[in-house]
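Sequence positions, counted from 1, serve as the residue numbers for this chain. When reading the values below, keep in mind they use all heavy atoms of this one structure, side chains included, and skip hydrogens, waters and symmetry mates. On a predicted model such as this, the values are computed, not experimentally measured, just so you know.
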Amino acid sequence: MVAVFTLTLERILHTAYIFTDDDKLVIDHGKFHKQQVIHICEIVRTERFAPRLLQPEYILICYGAGHKVAVRPVNSGAFLAEIKKRQG
């Protein structure tokens, strides 16, 4: 139980979203999880979901052949603007 709590807390506190110079989005969930790399050109759709009961706001990114990932950046508006800017 303590291990699950520690892993969850690590993921919440240390998740970082990095836009690279070669137009990739790197999602780093901390030292206990593998980084996820998404090519910006593969992003098909982004959807912003408003907070519901006890659920924070998040963005759903659909990319590639049916892949999806939910992200929770601090500034979701700037995050979405950066994706659109890099998509051209």
**Student:** Could you state whether Val69 and Phe19 fall into the same hydrophobic cluster, counting links through intermediate Ile, Leu, Val, Met, Phe, Trp or Tyr residues with side-chain heavy atoms under 4.5 angstrom apart?
**Tutor:** yes
**Student:** Can you name the closest pair of heavy atoms from Arg72 and Tyr17 and give their distance?
**Tutor:** N-OH, 3.0 Å
**Student:** Please answer: with hydrophobic residues joined when any side-chain heavy atoms are less than 4.5 Å apart, are Tyr58 and Val71 in the same cluster?
**Tutor:**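 Tyr58 does not cluster with Val71.
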**Student:** Show every side chain to side chain donor-acceptor pair (under 3.5 Å) that has at least one partner inside residues 37-46, sequence neighbours left out.
**Tutor:**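 Output for this query lists Arg45-Glu47.
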**Student:** Specify the closest pair of heavy atoms between Cys62 and Lys68, including all atoms of both residues, with the distance to one decimal.
**Tutor:**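 Shortest heavy-atom separation between Cys62 and Lys68 comes out as SG-CG, 3.9 Å.
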**Student:** May I ask you to decide if Ile43's main-chain N or O and Gln87's side chain share a donor-acceptor pair within less than 3.5 Å?
**Tutor:**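 Answer holds: yes.
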**Student:** Can you find a pair of side-chain heavy atoms, one from Tyr63 and one from Val44, that are under 4.5 Å apart?
**Tutor:** no
**Student:** Closest heavy-atom contact between Lys24 and Ile40?
**Tutor:**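 That would be N-CG1, 4.0 Å.
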**Student:** Quick one: do Ile83 and Val37 end up in the same hydrophobic cluster if we chain Ile, Leu, Val, Met, Phe, Trp and Tyr together by side-chain heavy atoms under 4.5 Å apart?
**Tutor:** no
**Student:** Strictly distance-based, threshold 3.5 Å: is any side-chain N or O of Arg86 a donor or acceptor partner for the main-chain N or O of Thr20?
**Tutor:** yes
**Student:** Rounded at 0.5 Å granularity, tell me how far CD1 in Ile38 sits from NE2 in His67.
**Tutor:**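 One gets 9.5 Å once the value is rounded to the nearest 0.5 Å.
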**Student:** I want to check something: taking the side chain as every heavy atom from C-beta on, are Ile59 and Pro73 in contact at a cut-off of under 4.5 Å?
**Tutor:**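 Touching, per the 4.5 Å side-chain cut-off.
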